[in-house]
Amino acid sequence: MASPKKQTQVRLEPSVLAAGKDAAAARGLDFNRYVERLIIEDTTGARAAGMAAAQRLIDEHGAFLDDLEQQLDAPYAQPQPGAAA
């Protein structure tokens, strides 16, 4: 049975192609599936919904997250006694 998928050709700058392949590999996807997923997310509004949710999280809890980040970074901000310089 033949695949119902259609084949297309896209021309990309080498650096864009490399970045896309790296991003796909980091997500455990092959490049075709990665591009397909990006298109689906963009055209269905899933990406926009995710970005809006992330922005709401930052708007509502940004001060807490900034404070938490500072607390977590504090032990590394100054050299510890006995540490090699």
Side-chain angles (χ1 to χ4, degrees):
M1 182 171 163
S3 171
K5 293 187 176 190
K6 300 292 182 185
Q7 185 172 350
T8 189
Q9 186 175 27
V10 178
R11 295 185 194 283
L12 302 171
E13 293 292 329
S15 60
V16 173
L17 177 60
K21 286 184 175 185
D22 289 346
R27 289 163 178 80
L29 301 170
D30 66 54
F31 183 72
N32 287 334
R33 179 66 183 128
Y34 174 70
V35 171
E36 182 179 45
R37 195 168 98 179
L38 287 176
I39 292 169
I40 290 168
E41 289 173 356
D42 188 51
T43 59
T44 62
R47 180 172 299 281
M51 294 302 288
Q55 188 61 56
R56 281 192 307 275
L57 179 72
I58 291 169
D59 292 346
E60 294 173 16
H61 304 288
F64 169 78
L65 295 171
D66 288 342
D67 185 51
L68 180 60
E69 182 178 27
Q70 288 176 4
Q71 289 178 31
L72 293 172
D73 288 344
Y76 307 104
Q78 297 180 14
Q80 299 298 312

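All residue numbers in this chain count up from 1 along the given sequence.
Residue pairs meeting the side-chain hydrogen bond (donor to acceptor under 3.5 Å, both in side chains) criterion with at least one partner in residues 26-35, sequence neighbours excluded, are Arg33-Glu36. Within the structure, side-chain hydrogen bond (donor to acceptor under 3.5 Å, both in side chains) pairs that include any residue of residues 60-72 comprise Asp67-Gln71 (at least two apart or interchain). For residues 48-59, the side-chain hydrogen bond (donor to acceptor under 3.5 Å, both in side chains) pairs, not counting sequence neighbours, are Gln55-Asp59.
Heavy-atom minimum distance, Leu38 versus Arg47: CD2-NH2, 2.7 Å.
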Would you list the atom pairs, donor with acceptor, under 3.5 Å between side chains in residues 4-17 and any protein atom, with sequence neighbours excluded?
none

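Met51 shares a hydrophobic cluster with no other residue; no ILVMFWY side chain has heavy atoms under 4.5 Å from its own. The hydrophobic cluster around Phe64 extends to Leu65, Leu68, Leu72, counting ILVMFWY residues whose side-chain heavy atoms fall within less than 4.5 Å of a member.
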